[in-house]
Protein chains: 2
Amino acid sequence: MSHTSGARQAQKQQTRRALLDAALHLLEGQNLSSLGVREVTREAGMSPAGFYRHFRDMADLGVTLVEESLASLHGMVLAVLAGPDEAEELIDRAVDVVAGHVREHRAHIRFLARERHGGVRPVREAIGAELARFADEVAAALADQPASAGWSAEDLLMLAELYVEHLVSTATAFLDVPEDRPELDLRISRVARRQLRLISVGRRHWRDS
Amino acid sequence: MSHTSGARQAQKQQTRRALLDAALHLLEGQNLSSLGVREVTREAGMSPAGFYRHFRDMADLGVTLVEESLASLHGMVLAVLAGPDEAEELIDRAVDVVAGHVREHRAHIRFLARERHGGVRPVREAIGAELARFADEVAAALADQPASAGWSAEDLLMLAELYVEHLVSTATAFLDVPEDRPELDLRISRVARRQLRLISVGRRHWRDS
DNA sequence: TCATTCAGTAAACAACTGTTTGCTGACTTT
DNA sequence: AAAGTCAGCAAACAGTTGTTTACTGAATGA
């Protein structure tokens, strides 16, 4: 077994990163299914053949990007859940965290939105599976809240899925804001907060049909 | 001005349709940004040059597909809204209509889901603009319901956007069901109904914070 | 020090791409 | 019946593509 750190491995990781960054950059303007090996290596400043020292093919690189993107997204979900239990505060915090996350990881989030239903099967499935995992985590967190007393596991999951779906759609809404109209961010935040509040009202009155 | 019907125009429309169908078929497995002119004409059984008698380029064909797809989707939205006012019935009806629509227009709906955040700007924008129009229509329909008494226009729109977003995500959930697991449709319907019910509970208790 | 490993390269492969050109022949108009 | 229109075609254009091959030379391990 070879060491993972050495001048050798370090160099390799560095050009691997260059490939991933080049791909991520190019993917801001196109889909993974139209991204070419030569295109990426050209952008990364290396020869086409070098690509195959790191990835089997483009779908392989895509799956790696999914893992990266979802790792940061996962951090965000945990950050939201770790907040206060009180509904109002939690909602404000959640929307702010999403807005900040999109601002700081634009390319990754765009990639996820674009490839979630995109034309590359393994990538699509990796995203779907991970979003399902998020929903499970959210459901588990909800179960710990006092407001969930008397809720069935099934209903908790359906609520969690509603939250995750809302999170995703809010994130993509932020994404679609043109660079020159940053004031739209405020409207998105306001609407998202109200929608979450409405859902939380529904949650509070769920039992008395 | 030439007649729109004549043996001439009829033939033209027919091969135009063949091109659109061929594209729609190929787009089940890839993104518009990777779809080639030659690929489409080959599938449609004609020569590459013929393509340009009908479309300026692929993005142009894509926008045409958006119009088609959204026309049928629009019909669906109207069908949902035209139902009974009573919440419970309306929810059941809405979910059934979505399920049926996805079953009957799979390729169109998949295309919309795939290109909504896809890499072809004009297509993306056409979809976004039309979804916004749907939200406006839903908001207008909501305004006519007695349950909306005392609601501001802004809140009605935020509720309508929540509904539209939920409709879209339900439709894509149906899409992702593998051909050999049709029993999953039932779970999706059940969850979607409960989520809509929860939202409608929130709506009913919205005013008393 | 010397042999080995291996990330990155240059070159070549056949196959593919979008688009333009001039043409043909069936339809349409006069 | 003659003249005109125009959808679809074959061929050619200059590129591009993914992938394999044999190679180089610096980092590694003995």
Side-chain angles (χ1 to χ4, degrees), chain A residues 1-23 25-27 29-65 115 118-123, chain B residues 1-23 25-27 29-65 115 118-123:
Chain A
M1 184 97 185
S2 57
H3 285 83
T4 55
S5 75
R8 201 63 184 271
Q9 297 294 327
Q11 264 301 330
K12 180 165 184 181
Q13 291 308 311
Q14 187 174 324
T15 74
R16 183 184 150 100
R17 186 98 290 276
L19 284 171
L20 290 168
D21 288 342
H25 178 238
L26 291 166
L27 285 169
Q30 67 190 287
N31 277 108
L32 182 63
S33 71
S34 72
L35 188 62
V37 170
R38 294 186 109 103
E39 209 177 346
V40 172
T41 53
R42 195 186 311 128
E43 175 86 7
M46 63 186 297
S47 89
F51 179 88
Y52 298 95
R53 300 281 182 207
H54 300 270
F55 304 101
R56 187 192 317 272
D57 52 26
M58 263 304 158
D60 187 18
L61 181 147
V63 171
T64 302
L65 282 181
E115 301 304 328
V120 182
R121 164 101 63 112
V123 168
Chain B
M1 184 96 185
S2 57
H3 285 81
T4 54
S5 74
R8 200 64 182 272
Q9 297 294 328
Q11 263 302 329
K12 181 167 183 180
Q13 291 308 311
Q14 187 174 322
T15 75
R16 184 184 148 100
R17 185 99 290 277
L19 284 171
L20 290 168
D21 288 342
H25 178 237
L26 291 167
L27 285 169
Q30 67 190 288
N31 276 107
L32 183 63
S33 70
S34 70
L35 188 63
V37 170
R38 294 186 109 104
E39 208 176 346
V40 172
T41 54
R42 194 185 312 129
E43 175 85 9
M46 63 186 298
S47 88
F51 178 87
Y52 299 96
R53 300 281 183 207
H54 300 271
F55 305 101
R56 186 192 318 274
D57 51 27
M58 263 304 157
D60 188 18
L61 180 145
V63 170
T64 303
L65 282 181
E115 300 305 327
V120 182
R121 166 99 63 111
V123 168

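Labels below follow one simple rule: chain letters A, B, ... track the order of the sequence lines, proteins then strands, and each chain is numbered from 1.
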Rounded to the nearest 0.5 angstrom, the CD-CD distance for B:Gln9 and B:Gln13 is 6.5 Å
Interatomic distance, CG@A:Asn31 vs CD@B:Gln30, rounded to 0.5 Å, equals 10.5 Å
Any chance you could list the contact pattern along nucleotides 16-26 of chain D? Use B for base contacts, S for sugar-phosphate-only contacts and - for none, protein heavy atoms under 4.0 Å, 5' to 3'. -SBBB----BB
Can you measure [X] atom [atom1] to [N] atom [atom2] for me and round it to whole angstrom units?
{"X": "B:Lys12", "N": "D:dT5", "atom1": "NZ", "atom2": "P", "value": "15 Å"}
{"X": "A:Arg16", "N": "C:dC6", "atom1": "CZ", "atom2": "P", "value": "17 Å"}
{"X": "A:Gln13", "N": "D:dA27", "atom1": "CD", "atom2": "P", "value": "17 Å"}
{"X": "A:Met46", "N": "C:dA10", "atom1": "CE", "atom2": "P", "value": "11 Å"}
{"X": "B:Gln11", "N": "C:dG25", "atom1": "CD", "atom2": "P", "value": "17 Å"}
{"X": "B:Gln9", "N": "C:dC27", "atom1": "CD", "atom2": "C1'", "value": "11 Å"}

Can you run through DNA chain D from 5' to 3' and write each base as (, ), [, ], | or . depending on how it pairs? Watson-Crick or G-U wobble, both distances under 3.5 Å. ||||||||||||.||||.||||||||||||
Who passes side chain to side chain contact (heavy atoms under 4.5 Å, CB included) against [X], sequence neighbours left out?
{"X": "B:Val120", "result": "B:Leu32, B:Ser33, B:Ala59, B:Pro122, B:Val123"}
{"X": "A:Arg17", "result": "A:Leu20, A:Asp21, A:Glu68"}
{"X": "B:Arg42", "result": "B:Arg38, B:Glu39"}

Qualifying salt bridge (charged side-chain N to carboxylate O under 4.0 Å, His left out) pairs, either residue in residues 48-58 of chain B, two or more places apart: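 Qualifying pairs, neighbours excluded: none.
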Side chains of A:Phe51 and A:Met46: does their closest heavy-atom pair fall under 4.5 Å?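 Heavy-atom side-chain distance check fails, nothing below 4.5 Å.
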Side chains of B:Phe55 and B:Val37 in contact at under 4.5 Å (non-hydrogen atoms): no
Would you say B:Thr15 places a side-chain N or O within less than 4.0 Å of OP1 or OP2 belonging to D:dG8?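 Result: yes.
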